[in-house]
*Asks:* 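Below you'll find the structure I mean.
What you see is a predicted model, and the numbers here were worked out from it, not measured in a lab.
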Amino acid sequence: FVINGIPVFVGSSIGIAFGPEHGTDGEQLMKAADIALYAAKTDGRGCARTFNRSMLLLLEQRENLRRSLRTALERGELYLEYQPLIRPPASVIGFEALLRWRHPEVGIIPPSVFIPIAEADGLMDQIGRWVLEEACRQALTWPSSLTVAVNLSPAQFLSGTLTDTVAQVIDAVGIRADRLELEITETVLLEKTIDNIDTLNTLNVLGIRISLDDFGTYYSSLSYLKNFPFDTLKIDQYFIADLETDLKSQTIVRSIISLAHGLGISVTAEGVETSVQARWLIKENCDCLQGNFLGRPLGAEATSDF
Ligand code: C2E
Ligand code: MG
Ligand code: MG
């Protein structure tokens, strides 16, 4: 459809249920079809799925997780790990805080599984505030030259209270603002309902550093680099993983480094797993390295020894 001169596209996902095996009345059948529709959407949309029992099981598991996530924070089940950020050849300049959930029955659940649920349920604002405070308190136990990086979710930007929250937390904890680095992804910037640049500029004025996480995999819009006050650009591990063999990845990484340096932005490579990757990145003047080769995410107590 063309609406006011703008082409708008409509797609569809389809959930299918059959009677009588999936339900004997309208309500049951619609419920089964709805579960199948949910599966079609999680399978990438634009497809059709027929209901089966295992879908119900998956949905139940997700519902269970959703319910227990509501109380996870109060019960102290959330905790942070810290992954070192290394300036070549071997100085630790700080750590990135990474959120984990120790579920009493399921075990440790990674953020990629529960953060989307927390976001959908409106819990991420509260969890994000806890992460910020916990990470800042932890950083106070380190030498004062070390920074702590905290990931922000789009939900925290949308709440409209982010700058107040950050200011309150650094004040309450008593940490220098320049020891805190906030990591955002481009999805945050795509959200047009709030004035992102205003928020970032306010954070910048407070003295907090801002990095653009997972660079290279979303839109990688250059206008963001022109308009936002980034201190660091983190190259997504997708480009680092095959750096040893893939000439295209090498060219892309080299260009990102040169682009960032031209704009006065520091570059961090994520997901460095081998010494060959590390050496190549150092040769290309990458400012900072992060990855399992240099140090896996550590429990809070292990950071001092590291
Ligand atoms: P990210 O911010 O890009 O974090 C880097 C991810 O790469 C982490 O996964 C880390 O454990 C993993 N990683 C580090 N080195 C290597 C390596 O050498 N090889 C490989 N294959 N992976 C490596 P993790 O901890 O599962 O976190 C995934 C994502 O979840 C993060 O990506 C971040 O976007 C999000 N996240 C984590 N903690 C938080 C948080 O407190 N708040 C928010 N909003 N998001 C968070
Ligand atoms: Mg990050
Ligand atoms: Mg990343």
*Asks:* So, using side chain to side chain contact (heavy atoms under 4.5 Å, CB included) as the criterion, who are the partners of Ser266 when residues are at least two apart?
*Replies:* Thr232, Asp287
*Asks:* Looking only at non-hydrogen atoms, find the nearest pair between Tyr82 and Glu134 and report the distance.
*Replies:* OH-O, 3.9 Å
*Asks:* Taking only residues two or more places apart in sequence or in another chain, which ones pass side chain to side chain contact (heavy atoms under 4.5 Å, CB included) with Tyr219?
*Replies:*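 In terms of side chain to side chain contact (heavy atoms under 4.5 Å, CB included), with neighbours along the sequence ignored, Tyr219 is linked to Glu186, Leu190.
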*Asks:* How far apart are the closest heavy atoms of Pro297 and Gln83, and which atoms are they?
*Replies:*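 Looking at all heavy atoms of both residues, the shortest contact is CD-NE2, 3.8 Å.
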*Asks:* Taking the six-membered ring for Trp, are Phe306 and Trp142 ring centroids under 6.0 Å apart?
*Replies:*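 For Phe306 and Trp142, the ring centres are not under 6.0 Å apart.
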*Asks:* Classify the side-chain pair Gln237/Asp214 by whether it contains a donor and acceptor separated by less than 3.5 Å.
*Replies:*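 No - no donor-acceptor pair under 3.5 Å links their side chains.
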*Asks:* Anything under 3.5 Å between a donor and an acceptor, one on a side chain of residues 119-127, the other on a protein residue two or more places apart or in another chain? List them.
*Replies:*
| from | atom 1 | to | atom 2 | distance (Å) |
| --- | --- | --- | --- | --- |
| Glu119 | OE2 | Ser153 | OG | 3.0 |
| Asp121 | OD1 | Arg66 | NE | 3.1 |
| Asp121 | OD1 | Arg66 | NH2 | 3.3 |
| Asp121 | OD2 | Arg66 | NE | 2.8 |
| Asp125 | OD1 | Ser159 | OG | 3.4 |

*Asks:* Could you check whether Thr185 and Asp213, counting side-chain N and O atoms only, form a donor-acceptor pair closer than 3.5 Å?
*Replies:*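 Thr185 and Asp213 do not have a side-chain donor-acceptor pair below 3.5 Å.
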*Asks:* Got a sec, which residues hit side-chain hydrogen bond (donor to acceptor under 3.5 Å, both in side chains) with Gln156, two or more places apart in sequence or on another chain?
*Replies:* none
*Asks:* How long is the span from the CZ atom in Arg87 to the SG atom in Cys288, to the nearest 0.5 Å?
*Replies:*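 It is 7.5 Å, given to the nearest 0.5 Å.
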*Asks:* Classify the side-chain pair Gln290/Thr268 by whether it contains a donor and acceptor separated by less than 3.5 Å.
*Replies:*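 No.
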*Asks:* Looking at Met55 and Ala39, what are the two nearest heavy atoms and their distance?
*Replies:*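 Looking at all heavy atoms of both residues, the closest pair is CE-CB, 3.7 Å.
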*Asks:* Tell me the ring pair (Phe, Tyr, Trp, His ring centres under 6.0 Å) pairs involving residues 41-68, sequence neighbours left out?
*Replies:* His22-Phe51
*Asks:* So, taking the atom named CZ in Arg179 and the one named OG1 in Thr147, what distance separates them when rounded to the nearest 0.5 Å?
*Replies:* 8.0 Å
*Asks:* Could you tell me if Thr141 and Gln138 have a donor-acceptor pair between their side chains, going purely by distance under 3.5 Å?
*Replies:*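 Result is yes, a qualifying pair exists.
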*Asks:* Please enumerate all residues that pass side chain to side chain contact (heavy atoms under 4.5 Å, CB included) together with Ser255, with sequence neighbours excluded.
*Replies:* Thr251
*Asks:* Could you state whether Leu85 and Ile265 fall into the same hydrophobic cluster, counting links through intermediate Ile, Leu, Val, Met, Phe, Trp or Tyr residues with side-chain heavy atoms under 4.5 angstrom apart?
*Replies:*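 Unlinked, Leu85 and Ile265 end up in two clusters.
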